[in-house]
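Working notes, beginning with the structure itself.
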Amino acid sequence: MKTMLNIALPKGRLGEKVYAMFEKAGFPCPSIKENNRKLIFENEECGVRYFWVKPSDVAIYVERGAADIGVAGKDILLEYEPDIYELLDLGLGKCRMAVAAKADFRDDTRKTLRVATKFTNIASAYYRSKGRDIDIIHLNGSIEIAPILGLSDVIVDIVETGTTLKENNLLVYDTIVPISARLIANKTSYKFKGSEIDQILRSMAAQMEESK
Amino acid sequence: MQNAVGSAERVALALRSLYNQYGYSQYKMSKFEEYDLYARNKDFLISDSVITFTDTNGKLMALKPDVTLSIVKNSKDQSSVQKLYYNENVYRVTKGSHGFREIMQVGLEALGPIDDYCITEVLLLAAQSLQAISGETVLDVSHLGILKELTDSIGIPNDSREKLVKFISEKNSHELTALCQEAGIREDQIELLRWLVSTSGTPDTVLPQMESMLSGLVSQQTLTQFHNVIRALDGSGVEKLLRIDFSVVDDIHYYNGIVFKGFVNGLPGSVLSGGQYDKLMRKMKRASGAIGFAVYMDMLDRLEQPDDRYDVDTVLLYDETVSLSAIRQQAQCLTAQGISVLAQRTIPGNIRYRQLLKINGNEVQFLENNA
């Protein structure tokens with residue numbers, strides 16, 4: 001039996017775009033385009049198996065070897081620091097990790113700064129590098145309302161267009177790091193399925209060059 | 001026959017006899033160590049969480065999260081190399097799990113005036129340890145001296161070095177490029193670093209490339225040492241496992257020289273990790289050098305057993321009408337043929353067996369065959 005290359009795709013629009021790149025790289029799996037609720041798709045002829053997972057879980061599937069390669073946002077890689085290879089910046093899903101606060105916010109350095117975020121690791125590392133004492137408040141969603149309700153002074157979150165912030169009267173104060181989708185690989189898979197992974201890496205790099 | 005010992009136990013036995021063959025002696029130690037040792041060397045530990053307790057004399061003690069530190073602590077500078085191996089349980093938080101785990105760790109250390117033969121021997125034993133685990137393995141080898149000299153020659157600013165090393169370990173050439181461009185590094189030198197990041201190949205392919213790419217930037221002495229140690233393994237039977245891959249970068253504050261990591265097909269991360277750690281020896285006020293590695297036995301549970309479809313070969317049923325000696329005789333007769341036997345009055349639930357036999361009087365009745 002041919003060994004299968006397992007690829008974890010992030011559910012959603014980004015995943016569909018990325019699948020098109022894998023297809024062009026020589027790993028098509030037509031059944032994936034059928035509109036149904038299946039999560040796993042195989043093309044035995046090409047030796048490839050795709051599966052849809054929650055975008056924030058892709059890195060876990062890859063790190064633990066359930067997927068050989070996958071596509072994950074840089075935000076997730078920075079937050080969870082998985083032990084994987086980060087092979088390529090796909091330049092898709094571009095946004096940034098930023099600090100935002102109410103328009104009238106002034107940083108009072110005499111007080112501990114209260115920071116609400118989903119990304120506690122990124123936020124603590126950022127403020128540690130600045131030597132600022134902070135109180136982290138971990139939230140799972142609707143981060144934008146935290147400063148409005150006085151739960152926090154600032155938020156650390158992903159900003160794409162800034163529309164949500166604007167609608168909630170928040171402003172970006174600082175950009176921590178630019179974010180985009182990355183091609184990642186499991187370290188062991190890279191050793192034993194290196195030629196397939198390399199083929200994908202080269203083709204995707206070429207596809208990005210073409211679309212420039 | 002059904003495999004009675006788990007992968008970890010089987011491998012531990014094989015490794016022990018391998019290390020004995022090369023004159024390494026077993027080092028037994030207590031499960032406890034003064035906490036202070038770990039507090040002073042936190043970065044050397046895989047995770048900095050340690051189980052602590054107060055001893056009867058008021059001293060803060062720890063359940064060992066690591067073995068190497070204790071071995072170094074108890075070592076003395078000697079004129080000959082001390083060759084040791086251990087098979088101990090350590091207690092630490094593994095990544096992704098939310099609690100402490102007891103982990104069996106087997107490892108080997110050579111401490112003292114280590115020379116290139118010593119390094120070659122440790123590399124050989126690391127590769128042979130991998131072979132004892134599985135038929136499909138790779139040993140990635142790198143040299144931190146090469147990396148250090150190269151970054152010195154190129155002139156990577158000190159505050160960017162840690163990031164650079166991280167990008168190299170991730171094979172992240174896009175962010176490495178951005179970092180170097182920001183630091184004003186020349187394009188041809190960035191190209192060289194990108195080559196370093198993407199390199200992963202057999203010594204036959206990579207060693208000649210290294211000579212041409214790195215001479216002038218890395219000292220001949222370092223390149224020659226690396227070349228000689230790797231080439232000394234030609235004909236050893238492990239040379240096919242070796243890959244030169246610079247993404248192996250252990251903590252540069254503790255390690256120097258040759259570093260390596262072992263991978264087994266089917267196991268997601270490295271199962272073996274080691275290298276030369278003279279810098280740790282300096283921190284612990286030892287003049288001599290050291291090299292060693294550890295095998296993470298907890299990962300081997302995930303290895304597929306060659307034949308684990310059955311829990312036992314035979315379930316042997318009996319009832320009160322059968323004499324004790326008849327049951328004993330029948331069970332012994334089967335085990336003598338290498339067949340495992342589970343003698344029971346009724347079939348236990350959830351058990352997978354190859355065949356089902358029943359003793360009736362003096363006869364054995366054949367009830368079921370699943371093979």
Side-chain angles (χ1 to χ4, degrees), chain A residues 3-6 8 56-57 59-70 72 74 77-92 94 121 125 129 177-198 200-202 204-205 208-209, chain B residues 46-47 94-97 130 133-141 159 162-163 166-179 194 197-202 205 240-250 260-273 296 299 302-303:
Chain A
T3 47
M4 300 290 264
L5 187 70
N6 293 305
S56 54
D57 289 341
I60 297 171
Y61 280 82
V62 173
E63 183 182 31
R64 295 194 162 237
D68 298 308
I69 53 174
K74 184 69 185 175
L77 302 181
L78 287 170
E79 183 62 22
Y80 298 108
E81 298 183 316
D83 187 19
I84 44 95
Y85 289 136
E86 182 185 324
L87 299 176
L88 189 65
D89 181 352
L90 295 170
L92 297 170
K94 276 190 179 170
N121 204 7
S129 75
V177 64
I179 304 287
S180 56
R182 311 291 160 102
L183 177 69
I184 59 172
N186 175 272
K187 288 192 168 178
T188 306
S189 303
Y190 188 84
K191 318 284 163 202
F192 297 97
K193 296 178 182 174
S195 60
E196 291 93 333
I197 294 175
D198 208 42
I200 289 172
L201 177 61
R202 279 166 202 275
M204 285 192 164
M208 286 171 58
E209 224 19 72
Chain B
I46 291 176
S47 98
T94 51
K95 205 170 165 258
S97 76
L130 289 173
I133 296 170
S134 157
E136 270 189 287
T137 62
V138 160
L139 185 67
D140 276 357
V141 188
D159 54 347
E162 220 152 284
K163 270 190 184 168
K166 184 169 183 288
F167 294 150
I168 291 176
S169 76
E170 295 170 349
K171 289 192 176 288
N172 184 341
S173 62
H174 44 279
E175 279 179 274
L176 173 130
T177 306
L179 179 79
R194 274 201 291 258
V197 166
S198 61
T199 291
S200 177
T202 58
T205 334
K240 285 198 176 71
L241 268 63
L242 302 184
R243 299 279 180 282
I244 297 176
D245 191 315
F246 295 99
S247 70
V248 181
V249 279
D250 270 301
F260 47 90
K261 275 195 192 325
F263 296 86
V264 170
N265 198 4
L267 299 179
S270 59
V271 289
L272 179 151
S273 173
Y296 308 122
M299 292 184 67
R302 288 198 47 191
L303 265 186

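The analysis underlying the following values was restricted to heavy atoms, covering all of them including side chains, and did not include hydrogens, waters or symmetry mates. In what follows, chains are A, B, ... by sequence order, proteins preceding strands, each numbered from 1.
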A/F192 and B/F263, any side-chain heavy atoms less than 4.5 Å apart
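In contact.
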
Does A/R182 reach the side chain of B/E175, with side-chain heavy atoms less than 4.5 Å apart?
yes

I need the [X] [atom1] to [Y] [atom2] distance, nearest 0.5 Å.
| X | Y | atom1 | atom2 | result |
| --- | --- | --- | --- | --- |
| B/D245 | A/Y85 | CG | OH | 4.5 Å |
| A/K193 | B/N265 | NZ | CG | 7.0 Å |
| B/H174 | A/L183 | NE2 | CG | 9.0 Å |
| A/I184 | B/N172 | CD1 | CG | 11.5 Å |
| B/S173 | A/L201 | OG | CG | 7.5 Å |

Nearest non-hydrogen partners of [X] and [Y], listed with the distance:
| X | Y | result |
| --- | --- | --- |
| A/T188 | B/L267 | OG1-O, 2.7 Å |
| B/P268 | A/G65 | CB-N, 3.7 Å |
| B/S198 | A/Y190 | O-OH, 4.2 Å |

Contacting moiety of [X], where chain B heavy atoms sit under 4.5 Å:
| X | value |
| --- | --- |
| A/D89 | both |
| A/L87 | both |
| A/Y80 | backbone |

Let me know which of B/V138, B/V264, B/T137 forms a side chain to side chain contact (heavy atoms under 4.5 Å, CB included) with A/K191.
B/V138

Which residue out of B/K261, B/R243, B/K171 racks up the most heavy-atom pairs below 4.5 Å with chain A?
B/K171

Under 4.5 Å heavy-atom distance to chain A, tell me which part of B/S169 shows up: side chain, backbone, both or neither.
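Contact with chain A: backbone only.
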
